Amino acid sequence: MSDLILSPNIDNADDFYAELLAAHEGLEKADSDALNARLVLVLANHIGDEQVLSDAIRAAALTDN
């Protein structure tokens with residue numbers, strides 16, 4: 001079982017963020033929301049650890065908007 005990593009852990013984070021923004025460019029809100037939902041499910045499947053995923057849900061829910 002793995003622990004949820006909350007500290008910065010992405011090489012070239014700015015490039016990743018730019019790619020994520022580019023994927024949403026030109027999309028209507030509903031299509032952008034659907035892309036986000038699909039991305040979450042793909043990444044959740046990749047992680048595959050139910051405890052880590054539960055921890056991530058709780059961490060995201062506590063984040064100030």
Side-chain angles (χ1 to χ4, degrees):
M1 182 174 291
S2 299
D3 291 331
L4 181 63
I5 299 169
L6 294 176
S7 58
N9 192 40
I10 300 173
D11 292 337
N12 302 313
D14 289 341
D15 292 341
F16 167 75
Y17 188 65
E19 185 175 357
L20 180 60
L21 289 179
H24 287 269
E25 192 171 321
L27 296 180
E28 298 290 331
K29 174 141 176 42
D31 294 327
S32 179
D33 290 347
L35 172 59
N36 281 334
R38 290 190 305 272
L39 180 58
V40 166
L41 293 173
V42 166
L43 293 173
N45 184 68
H46 177 75
I47 292 166
D49 184 320
E50 189 174 348
Q51 185 60 55
V52 170
L53 295 170
S54 293
D55 292 346
I57 290 169
R58 284 191 295 281
L62 294 175
T63 302
D64 292 336
N65 292 324

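For the single chain, residues carry numbers from 1 onward in sequence order. As the structure is a computational prediction, the values presented were derived from the model and not from experiment.
- The cluster map of Ile, Leu, Val, Met, Phe, Trp and Tyr, joined by side-chain heavy atoms under 4.5 Å apart, puts Leu53 and Leu41 in different clusters.
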Pair up each side-chain donor or acceptor in residues 18-27 with any protein partner under 3.5 Å, not counting sequence neighbours, and list the distances.
{"residue": "His24", "atom": "ND1", "partner": "Ser32", "partner atom": "OG", "Å": "2.6"}
{"residue": "His24", "atom": "NE2", "partner": "Asn36", "partner atom": "OD1", "Å": "3.1"}

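- Residue pairs meeting the salt bridge (charged side-chain N to carboxylate O under 4.0 Å, His left out) criterion with at least one partner in residues 32-41, sequence neighbours excluded, are Lys29-Asp33.
- Using a 4.5 Å cut-off between side-chain heavy atoms of Ile, Leu, Val, Met, Phe, Trp and Tyr, with links allowed through other members, Ile57 and Ile5 fall into different hydrophobic clusters.
- Among residues at least two apart or in separate chains, there is no salt bridge (charged side-chain N to carboxylate O under 4.0 Å, His left out) pair with a member in residues 4-18.
- Between Ala59 and Leu4, the shortest heavy-atom contact is CB-CD2, 4.1 Å.
- A single hydrophobic cluster is not seen to contain both Val40 and Leu43; linkage of ILVMFWY side chains at heavy-atom distances under 4.5 Å, directly or through other members, places them apart.
- Cluster annotation: Leu39 and Ile10 are assigned to the same hydrophobic cluster (Ile/Leu/Val/Met/Phe/Trp/Tyr, side-chain heavy-atom contacts under 4.5 Å, transitive).
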